[in-house]
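Structure first, commentary second.
By convention here, the first residue in the shown sequence is residue 1. Counting starts at 1 for both ligands and their atoms, following the listed order.
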Amino acid sequence: MPLLELKNLTVGYTGAPILQGIDLSLNAGEIVTLVGANGAGKSTLVKAISGLLQPYSGEVLLDGRKINALSPAKRLREGIAHVPEGRQIFAGLTVAENLDLGAYGDRSDAEARAQRVAHVCELFPVLGTRLGEVAGNFSGGQQQLLAIARGLMSKPRLLLLDEPSLGVAPLLVAEIFRLIVRLRDEGITILLAEQNARQALAIADRGYVVENGLITLEGPARTLLDSPEIAERYLGVGTAAEVSCTESARMAERLRACIW
Ligand SMILES: Nc1ncnc2c1ncn2[C@@H]1O[C@H](COP(=O)(O)OP(=O)(O)OP(=O)(O)O)[C@@H](O)[C@H]1O
Ligand SMILES: [Mg+2]
């Protein structure tokens, strides 16, 4: 049974549906990426999973159980953590305070929470050495690391990462993608919404293509990477973006070499 399933899901913001008839599944222990252009509906899909948006129709199933009616807070307690697009960390609070907020509502004892802070600091050494520093002093990439670390504070089974590479310097992007692989290897299931399709597919097990609110293609990430249709539309091959794409292809190769 998949860890999470969407069945014939229709969802939107104010009446008119944005996503229609979405079927998607996430199996425990895999990285699944959502590929799609600006405004295709990736973030909307992520919000429907974390509970920020209630579906108009269809089902959200966790461990085969319908969770449509569960609030975001309850879904968090069930193990679904959402790292939103644009990071949304609290710039005026310290790193430690931001991490505390990630464990908000958690009933485990202080020692268990301290262990979790220690674990995320081991994963993100740059945060560990600056726990008392105000988060607003950090670079965009470091703030993204903090947003992911905050998401991990709830000990999620499923981590929803919305555009983790957006506005992040290339070197740190590589680190973020490496971290995502490590988190998957630690047993966390990951849904990765990314415009950076090449790098996202390079680390993913499976992928879905979202176009105008519909899923138009799905399959093993390798198959999608090799698909001429995907290459043309999302990897920039044969377009004016070819030069920067060659760059990102090189980076994806380097990344793969680092991971495997
Ligand atoms: N809060 C909102 N209220 C109404 N419509 C919205 C809202 N947020 C997004 N939309 C609309 O929903 C559609 C899908 O947007 P969404 O943010 O899910 O796309 P996306 O694939 O995540 O895009 P991007 O790559 O830019 O992040 C767009 O037409 C967008 O204008
Ligand atoms: Mg988005």
Point to revise | Side-chain heavy-atom pair L183, L159 within 4.5 angstrom cut-off | key: yes
Review point. Does L62 reach the side chain of L3, with side-chain heavy atoms less than 4.5 Å apart?
Key: yes
Practice item. Take K42 and E211 through the test salt bridge (charged side-chain N to carboxylate O under 4.0 Å, His left out) and record every step on the way to the result. Key: CA-CA 9 Å; K42 304 181 294 300; E211 288 179 315; over 6 Å; no
Revision key, fill the gap. The protein heavy atom nearest to atom 26 (O) of ligand 1 is N38 OD1, 2.5 Å
Point to revise | Proximal atoms of ligand 1 relative to S43 (non-hydrogen, under 4.0 Å) | key: 17 (O), 18 (O), 20 (P), 22 (O), 27 (O)
Review point. Any salt bridge between R65 and E78, counting N to O under 4.0 Å?
Key: yes
**Study point:** Closest protein heavy atom to atom 27 (O) of ligand 1, given as residue, atom name and distance to 0.1 Å
**Key:** E85 OE2, 3.0 Å
Check your understanding: Is any side-chain heavy atom of V35 less than 4.5 Å from a side-chain heavy atom of L201?
Key -> yes
Practice item. Please state whether the separation between the Mg ion (ligand 2) and some N/O/S atom of S43 is under 2.8 Å? Key: yes
Review point. For atom 30 (C) of ligand 1, is the nearest protein heavy atom closer than 4.0 Å?
Key: no
Revision key, fill the gap. So the atoms of ligand 1 within less than 4.0 Å of a heavy atom of E163 turn out to be 25 (O), 27 (O)
**Study point:** Check ion pair E30-R184 (N to O, under 4.0 angstrom)
**Key:** no
**Study point:** Pair R157 + D63: basic N to acidic O under 4.0 Å
**Key:** yes
Check your understanding: What protein heavy atom sits nearest atom 5 (N) of ligand 1, and how far off is it?
Key -> Y13 CD1, 3.5 Å
Point to revise | Under 2.8 Å: N/O/S of E85 next to the Mg ion (ligand 2) | key: yes
Point to revise | Basic-acidic side-chain contact under 4.0 Å: E122, R182 | key: yes
Practice item. Would you check if L52 and V46 make a side-chain contact, meaning some heavy-atom pair closer than 4.5 Å? Key: no
Check your understanding: Has G213 got any heavy atom lying under 4.0 angstrom from an atom of ligand 1?
Key -> no
Check your understanding: Does E229 come within less than 4.0 Å of R233, counting only side-chain N to carboxylate O?
Key -> yes
Practice item. Considering the heavy atoms of Q195, write down every atom of ligand 1 situated less than 4.0 Å from one of them. Key: 24 (P), 25 (O), 26 (O)
Exercise for review: Specify the protein heavy atom at minimum distance from atom 23 (O) of ligand 1: its residue, its atom name, and the distance to 0.1 Å.
Suggested key: G39 N, 2.8 Å
Point to revise | Sub-3.5 Å N/O-N/O distance, G36 and ligand 1 | key: no
Check your understanding: Which option, L52, I18, L45, owns the non-hydrogen atom nearest atom 12 (O) of ligand 1?
Key -> I18
Review point. How does A193 reach ligand 1, if at all, at less than 4.0 Å between non-hydrogen atoms: by side chain, backbone, both, or neither?
Key: neither
**Study point:** Nearest non-hydrogen protein atom, atom 18 (O) of ligand 1
**Key:** T44 OG1, 2.5 Å
